[in-house]
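Here the structure comes first, spelled out in structure tokens, and everything after it is commentary.
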Amino acid sequence: GSITSNMTFFKPILYLLLIAISGRTDAKRASHWDETAALQLAVTGMEPPLHHQSEVFSYPLPEYLEVLNNSDPCFRELQKSAEKYALNVVPGQGGILDYQIVENTEPVLLHRVWGGPAKRCGYWWTLEDALAIAPNKRLTLAGFMEAMGVCPEWNNGTFLEICRVPHWKFVVGQGNSATCQWGNTLFPPAALLQVNGDVCSQSSSCTTCNLHTEFDKCWARIRNSLT
């Protein structure tokens, strides 16, 4: 009994420490999910319910994603790829804090910001989630770049690529913070899950939008991507 009560007492503290380790120490930039989950855990000792009991750093996966069974022929190679190229728990170094290997059960639109050193068909994308990028439905170019976790020295963010993927097995995770060359740190929203993989080869169609000259048009495409 005393061991259980002690664990219940320390669990909220451990959860908050995990948030701090992830780099989300600025309350203004911490995700709504981080804040509400930590609050619920501290008050009730219970974490919020998760979709199909699968989680990405205690964040529920969208309904259109299912966790891939580890007996699937693709699982082992995707796991190796995630561990080698995507996973990075050190704050400020980009990548993803954790990962799930999933497949989409319906067509999905994936987004990529690119330009300069970053090419159109790179390996870092995000799931569609306009409210995660701009909860108040208002967005600036600077805010968009920060939400995507894009540092200008390795990606000048000229273009937005939106690709439709009918069916695919891939790696998804929560974005780690990224510290840029001038010392500023970007904190991708917890709800904007990131995808690592060769999206272009799996796409049935893609469209390109210029964020510098057509920002309003690009933002409209993001807002309307689910309709």
Side-chain angles (χ1 to χ4, degrees), residues 23-24 29 31 56 59 62 65 81-82 85-88 91-97 99 104 107-165 168 170-226:
R24 286 178 173 80
R29 296 184 180 184
S31 73
V56 178
Y59 189 84
L65 294 184
S81 177
Y85 298 110
L87 185 66
N88 190 350
Q93 293 190 3
I96 50 179
L97 294 166
Y99 68 91
N104 55 309
V108 61
L109 295 177
L110 299 178
H111 299 163
R112 172 173 168 79
V113 173
W114 62 278
K119 304 307 178 185
R120 171 180 170 270
C121 286
Y123 274 67
W124 284 106
W125 299 70
T126 61
L127 295 177
E128 51 187 348
D129 195 335
L131 288 180
I133 301 172
N136 59 6
K137 299 183 180 180
R138 293 190 298 271
L139 187 66
T140 63
L141 180 56
F144 184 70
M145 299 293 286
E146 179 168 344
M148 292 290 185
V150 173
C151 289
E153 62 266 25
W154 38 266
N155 186 334
N156 66 21
T158 301
F159 303 101
L160 170 68
E161 200 74 16
I162 301 178
C163 290
R164 175 186 169 88
V165 178
W168 190 31
F170 57 95
V171 173
V172 64
Q174 185 183 19
N176 188 15
S177 57
T179 300
C180 303
Q181 65 179 354
W182 302 114
N184 59 309
T185 300
L186 309 179
F187 295 85
L192 188 65
L193 298 181
Q194 299 192 11
V195 172
N196 183 260
D198 187 7
V199 171
C200 286
S201 68
Q202 303 296 323
S203 301
S204 59
S205 62
C206 294
T207 60
T208 306
C209 185
N210 192 311
L211 287 165
H212 291 188
T213 62
E214 306 175 294
F215 182 76
D216 290 341
K217 179 180 177 182
C218 297
W219 177 226
R221 288 186 183 180
I222 294 172
R223 284 191 317 232
N224 297 331
S225 62
L226 293 177

So, does [X] use its side chain to make a donor-acceptor pair with the main chain of [Y] at under 3.5 Å?
X      : Y      : result
Gln202 : Trp168 : no
Arg112 : Lys119 : yes
Asn104 : Val165 : yes
Asn176 : Asn88  : yes
Asn155 : Val113 : yes
Ser177 : Gly92  : yes

Pairwise distance [atom1]([X]) to [atom2]([Y]) - rounded to 0.5 angstrom:
X      : Y      : atom1 : atom2 : result
Leu110 : Glu128 : CG    : CD    : 7.5 Å
Ile222 : Phe144 : CD1   : CZ    : 4.0 Å
Leu109 : Ser205 : CG    : OG    : 8.0 Å
Glu214 : Arg221 : CD    : CZ    : 7.0 Å
Arg164 : Ser203 : CZ    : OG    : 10.5 Å
Ile162 : Thr208 : CD1   : OG1   : 9.5 Å

Quick one: closest heavy-atom pair of [X] and [Y], and the distance?
X      : Y      : answer
Gly157 : His212 : O-NE2, 3.4 Å
Ala190 : Gln174 : CB-NE2, 2.7 Å
Ala147 : Pro189 : O-CD, 3.3 Å
Arg120 : Cys206 : NH2-CB, 3.6 Å

Checklist entry - Under 2.5 Å between the SG atoms of Cys200 and Cys121: is that the case? => result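 Yes, disulfide present: SG-SG under 2.5 Å.
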Any heavy-atom pair between the side chains of [Y] and [X] that's under 4.5 Å?
X      : Y      : result
Phe159 : Leu211 : no
Trp125 : Cys163 : yes
Asp129 : Leu193 : no
Glu161 : Trp114 : yes
Leu127 : Leu65  : yes
Thr126 : Ile133 : no

Next on the checklist: Would Trp124 and Asn196 count as a side-chain contact (heavy atoms from CB on, under 4.5 Å) here? Give the steps.
Outcome noted: CA-CA 5 Å; Trp124 284 106; Asn196 183 260; 3.4 Å; yes
Item to check | Trace of the side-chain contact (heavy atoms from CB on, under 4.5 Å) decision for Leu192 with Met148 | outcome: CA-CA 8 Å; Leu192 188 65; Met148 292 290 185; 4.2 Å; yes
Checklist entry - Checking side-chain contact (heavy atoms from CB on, under 4.5 Å) for the pair Phe215/Leu139: CA distance, chi angles, key distance, verdict? => result CA-CA 10 Å; Phe215 182 76; Leu139 187 66; 4.0 Å; yes
Next on the checklist: Go through it in stages, so that I can follow the logic: the residues are Asn210 and Lys217, the test is side-chain contact (heavy atoms from CB on, under 4.5 Å), and I'd like the CA-CA distance, side-chain angles, deciding distance and then a yes or no.
Outcome noted: CA-CA 9 Å; Asn210 192 311; Lys217 179 180 177 182; over 6 Å; no
